[in-house]
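Residue numbers begin at 1 in each chain, while the letters A, B, ... track the order of the sequences.
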Amino acid sequence: MTDRYDPHRIESKWRERWLQDKLYAAKDDDPRPKWYALTMFPYPSGDLHTGHWYAMAPSDAAARYRRMKGYNVLFPMGFDSFGLPAENAAIKRGIDPMEWTYANIEHMRGQLQVMGAGFDWDREVVTSDPDYYKWSQWWFLQLYKQGLAYRAEAAANWCPGCHTVLANEQVVDGRCERSDDIVERRFLTQWFFRITAYAEELLNFDGIEWPERIRTMQTNWIGRSEGAILSFGVDVRGVDESLSVFTTRPDTVYGATFMVLAPEHALVERITTAEQRPAVEDYRLQASRQTEIERLSTEREKTGVFTGAYAVNPFNGERVPIWIADYVLVTYGTGAIMAVPAHDERDFAFARKHGLPVVPVFDHPDVDIAAPLEAAFSGGRTMVNSGPFNGTPAAEAVRKVIDYAVEHGFGEGTVNYRLRDWLISRQRYWGTPIPMIHCDEHGIVPVPEDDLPVELPKNVKFDPTGQSPLTQVEEWVNVPCPVDGRPARRETDTMDTFMCSSWYQMRYVDPHNPERPFSMEAARKWLPVDQYTGGPEHAVMHLLYTRFFWKAARDMGIVFGDEPMLRLFNQGVLLGPDGNRMSKSRGNVVAPDEQVSRWGADAFRCQLMFVGPWDQGGPYNPTGMQGIVRWLNRLWNLTVEPVEFADGVDSRELRRATHKAIEAATNDIENFRFNTMISRLMEHTTAMHRAREAGPVNTEAWNEAVSAALRLTAPVAPYITEELWERAGQRYSVHLAPWPEADPELTRDDEIEVVVQINGKVRDRLTLPASADEAAAKQAMFASERISGLLEGKEPRRVIYVPGKLLNIVL
RNA sequence: GCCGGGGUGGCGGAAUGGCAGACGCAGCCGGCUUAAACCCGGCGGCCGCAAGGCAUGUGGGUUCGAAUCCCGCCCCCGGCACCA
């Protein structure tokens with residue numbers, strides 16, 4: 001059979017065969033070492049786009065490589081299927097969210113199979129299945145028992161477009177991460193997960209190989225800073241509490257010339273004088289109306305209003321005015337600061353604008369502290385204007401001031417984090433119902449575990465009221481109290497979908513377990529994930545939440561080890577052919593289905609991997625597809641066309657090409673360098689082609705070359721290699737065949753080319769036997785007419801020899 | 001402003017201290033073909049007749065030797081940003 005390469009015929013054939021044979025099913029009782037490869041599961045938006053292919057096809061290649069290397073590979077796939085688009089489809093077009101979602105899943109599952117990815121479909125997880133979200137609810141109850149899930153009133157981020165609150169992580173530049181609406185602040189009672197309990201541990205990335213980019217982003221998001229809480233007195237009649245401030249510079253406390261509270265600070269109401277009240281009220285109202293965007297657009301102009309009240313510095317008894325200003329955030333620290341204009345830029349700007357005093361409390365070699373300051377400065381030498389602390393060197397200042405504060409009972413050293421608890425309540429229908437019941441008598445009562453899942457009701461009205469559609473389903477909301485059966489009401493909020501994706505990797509290990517989220521044996525067998533791949537857009541949401549979730553589960557004794565994913569690789573962003581982000585409005589979208597129907601899935605996979613380094617992303621090059629198609633055709637022809645064999649033909653050159661390809665390709669795929677890997681595979685097919693055209697080939701060397709080429713190409717182009725493997729008379733399946741090993745003896749060259757430089761410029765090239773040593777190379781160099789001509793009898797000062805590569809004559 | 005990534009032919013990119021431009025696209029020349037496509041072979045940084053010189057954003061430095069290491073600057077992409 002010498003017919004031509006027809007991707008469509010062979011791709012559908014093998015796709016069906018693999019599914020039928022469950023070729024990629026991971027077996028729990030396989031004794032070989034396990035490898036858990038995971039790529040982020042998609043939201044079932046309805047269509048698999050090129051971004052999905054770009055994320056998943058290389059992940060698949062890496063998983064296939066591990067399988068061929070002899071690992072028992074778990075490579076599962078599922079759908080993150082709760083979320084707003086389904087509900088928006090319901091509102092806009094009157095379609096049931098469930099029908100919409102499951103139709104999309106059906107379609108996308110087929111598209112994923114077209115890709116030829118070796119997913120274990122027996123383990124598919126769909127987060128909107130009651131079988132799955134039963135366990136999301138179970139996890140919620142466990143977190144509740146541990147005190148890690150709690151309900152609190154707080155200023156929440158309200159997205160007017162999505163009609164729901166958002167976690168801080170989902171607010172980007174004051175806008176909703178999903179809908180881009182400007183986020184409002186609302187005071188609401190909501191459910192939170194206490195991720196801050198793990199703030200310190202989440203800063204530690206020991207034992208995991210994650211990109212620095214992601215570690216830095218998480219570290220910045222958590223935002224640890226060391227400092228102190230200091231208590232100032234409040235000099236207002238009838239107010240008998242102190243004013244706590246967080247500061248990273250307690251050593252500047254003698255320079256605190258005023259205090260600033262966030263406009264929303266609880267104390268403002270009680271300390272404001274009658275005279276100042278109108279101005280304060282006005283400012284607070286203004287601030288509350290301002291969106292985050294407007295706050296940013298004020299160009300850091302330091303606005304604020306005096307409350308009329310004074311605080312007392314506990315260190316020196318000095319009275320300082322208390323202001324309110326929106327540059328102090330109620331959500332950070334204590335929502336109040338001691339302002340030290342001499343040593344803080346923002347305080348300096350505020351003091352200058354409002355005519356407040358500036359008192360330096362450190363001296364500095366470059367600053368005349370007797371004169372009015374031009375700007376705030378840090379990095380002082382010793383303390384000044386600081387009573388008993390005068391003369392204290394900067395290095396000891398913080399510690400001494402904190403010790404003093406502790407001794408006198410008005411402060412202590414502390415660590416503050418920017419990270420806020422994770423707000424998980426959503427006022428939406430299409431999510432996991434929070435399994436709680438509100439009873440007038442017993443308060444908030446968990447749904448008993450035996451009653452899980454709390455299933456979503458059907459036939460719900462979708463009017464965007466700002467209230468969850470669930471509130472209107474009376475027969476669902478009204479339930480007996482689990483304690484005594486009296487009438488009570490269900491919690492109508494559903495969970496943030498990031499909750500569903502925080503533990504999905506655990507469910508894959510035992511996806512059909514009706515008794516538990518997964519068995520201990522399965523967890524011990526498969527967890528944690530060895531290699532996780534996905535987009536960097538999840539750096540501070542999914543990837544932080546899932547680490548928190550894992551650590552909480554570990555502390556409950558449910559999983560073992562400190563981290564859920566040992567290695568993480570983030571692919572870059574694939575751009576349109578014009579170098580811009582793919583978008584419908586730009587008209588630069590590359591549709592995978594179209595590419596597949598033109599070139600086949602193998603070619604599309606390879607082209608995506610060939611365009612550049614995977615972690616860097618970059619523009620998709622549609623014309624470059626030609627090169628991939630030519631290469632696959634050549635591989636096809638080399639395997640199926642008749643070859644003229646002869647015994648006794650020198651096999652060294654062909655074998656060298658084969659073993660060099662094995663060595664290079666292995667090294668590349670090991671490091672996710674698919675672009676250079678494919679280059680090496682192309683070189684190998686070219687070498688095979690030349691060998692065949694040059695005359696009869698050595699039978700064994702040829703067979704070795706074909707076998708290696710097919711196995712090395714199998715991870716990136718699974719269909720064509722399977723077909724050719726069969727046509728080459730090999731045993732099904734190439735994807736279970738062992739990865740070829742390079743023999744270092746065979747990769748060695750017979751001859752080497754040594755470059756001769758004079759003062760670093762190439763002047764000649766010497767071809768020498770591979771065995772040539774330094775002495776031999778130098779001898780050949782001096783024997784070169786070209787070189788001796790250029791030297792004109794001059795004596796080299798030095799000759800540098802790089803073994804097997806280069807000689808550099810220094811004159 | 002801070003943090004991270006990046007800047008190399010017409011294009012995507014390769015080379016992480018040792019021959020800059022692997023591999024591929026596009027282009028050009030040639031072969032095959034009645035012809036075209038496919039396929040095959042070859043040529044492709046700039047200046048120069050040549051010898052040679054100049055070339056990896058830019059200016060310095062280290063080195064026998066720098067795309068690669070160090071310092072300054074410019075530009076692009078991503079993230080964070082009044083965090084006390």
Residue [X], side-chain heavy atoms: nucleotide from [options] that is nearest:
X: F610(A); options: A84(B), G24(B), C25(B); answer: G24(B)
X: K805(A); options: G18(B), G13(B), C82(B); answer: G18(B)
X: Y327(A); options: C25(B), C82(B), G13(B); answer: C82(B)
X: R763(A); options: A84(B), G65(B), G52(B); answer: G52(B)
X: H689(A); options: G18(B), G41(B), C23(B); answer: G41(B)
X: Q616(A); options: G18(B), G6(B), G24(B); answer: G6(B)
X: T623(A); options: G6(B), C19(B), C25(B); answer: C25(B)
X: P613(A); options: G18(B), C82(B), A14(B); answer: A14(B)
X: E212(A); options: C64(B), C82(B), G4(B); answer: G4(B)
X: T676(A); options: A14(B), C19(B), A84(B); answer: A14(B)

Using Watson-Crick or G-U wobble geometry with both distances under 3.5 Å, which nucleotide pairs with [N]?
N: U16(B); answer: none
N: G41(B); answer: C29(B)
N: U63(B); answer: none

Residue [X] excluded, over 12 heavy atoms near [atom1] under 6.0 Å:
X: E683(A); atom1: CD; value: yes
X: E774(A); atom1: CD; value: yes
X: R680(A); atom1: CZ; value: no
X: K353(A); atom1: NZ; value: yes

Is G9(B) syn or anti, taking syn as a glycosidic angle within 90° of 0?
syn
Base of G59(B) relative to its sugar, syn (within 90° of 0) or anti?
anti
Any side-chain N or O of [X] less than 4.0 Å from the OP1 or OP2 oxygen of [N]?
X: R630(A); N: G24(B); value: no
X: N220(A); N: A81(B); value: no
X: R213(A); N: G5(B); value: no
X: S225(A); N: A84(B); value: yes
X: R418(A); N: A81(B); value: yes
X: K761(A); N: C54(B); value: yes
X: R634(A); N: C40(B); value: yes

Using atom [atom1] in both nucleotides, what's the gap between [N] and [M] to the nearest angstrom?
N: G18(B); M: A67(B); atom1: C1'; result: 13 Å
N: C38(B); M: U33(B); atom1: C1'; result: 11 Å
N: G5(B); M: G10(B); atom1: P; result: 28 Å
N: G1(B); M: U56(B); atom1: P; result: 28 Å
N: U63(B); M: G17(B); atom1: C1'; result: 9 Å
N: A55(B); M: U68(B); atom1: P; result: 13 Å
N: G9(B); M: C47(B); atom1: C1'; result: 16 Å
N: G21(B); M: C43(B); atom1: P; result: 14 Å

Using a 4.0 Å heavy-atom cut-off, does [X] contact any base of the nucleic acid, only the sugar-phosphate backbone, or nothing at all?
X: R215(A); value: nothing
X: E753(A); value: base
X: V611(A); value: sugar-phosphate

Are N637(A) and T639(A) close enough, and set up right, to give a side chain to side chain donor-acceptor pair (under 3.5 Å), and what steps lead you there?
CA-CA 5 Å; N637(A) 295 336; T639(A) 311; over 6 Å; no
Given that G617(A) and E683(A) both sit by RNA chain B, which one's nearest nucleotide is further toward the 5' end?
G617(A)
Contacts of G618(A) and M217(A) projected onto RNA chain B by closest heavy atom; the upstream (5') one is G618(A)
Salt bridge flag under 4.0 Å for residues K778(A) and D773(A):
no
A cation-pi test, strictly: NZ or CZ of R605(A) under 6.0 Å from the centre of the six-membered ring of W599(A) and no more than 45 degrees from its axis. Yes or no?
no
Find out whether the Lys NZ or Arg CZ of K302(A) is both under 6.0 angstrom from the six-membered ring centre of Y327(A) and within 45° of the ring's axis.
yes
Is there a donor and acceptor pair closer than 3.5 Å between the side chain of K302(A) and the base of C82(B)?
yes
All N/O pairs under 3.5 Å across the protein-nucleotides 42-46 of chain B interface:
none

Does the gap between the ring centers of F306(A) and F258(A) come in under 6.0 Å?
no
Please report the distance, rounded to the nearest Å, between CD1 in I758(A) and C1' in C19(B).
15 Å
Could you measure the distance from the CH2 atom of W221(A) to the OG1 atom of T216(A)? Nearest 0.5 Å is fine.
15.0 Å
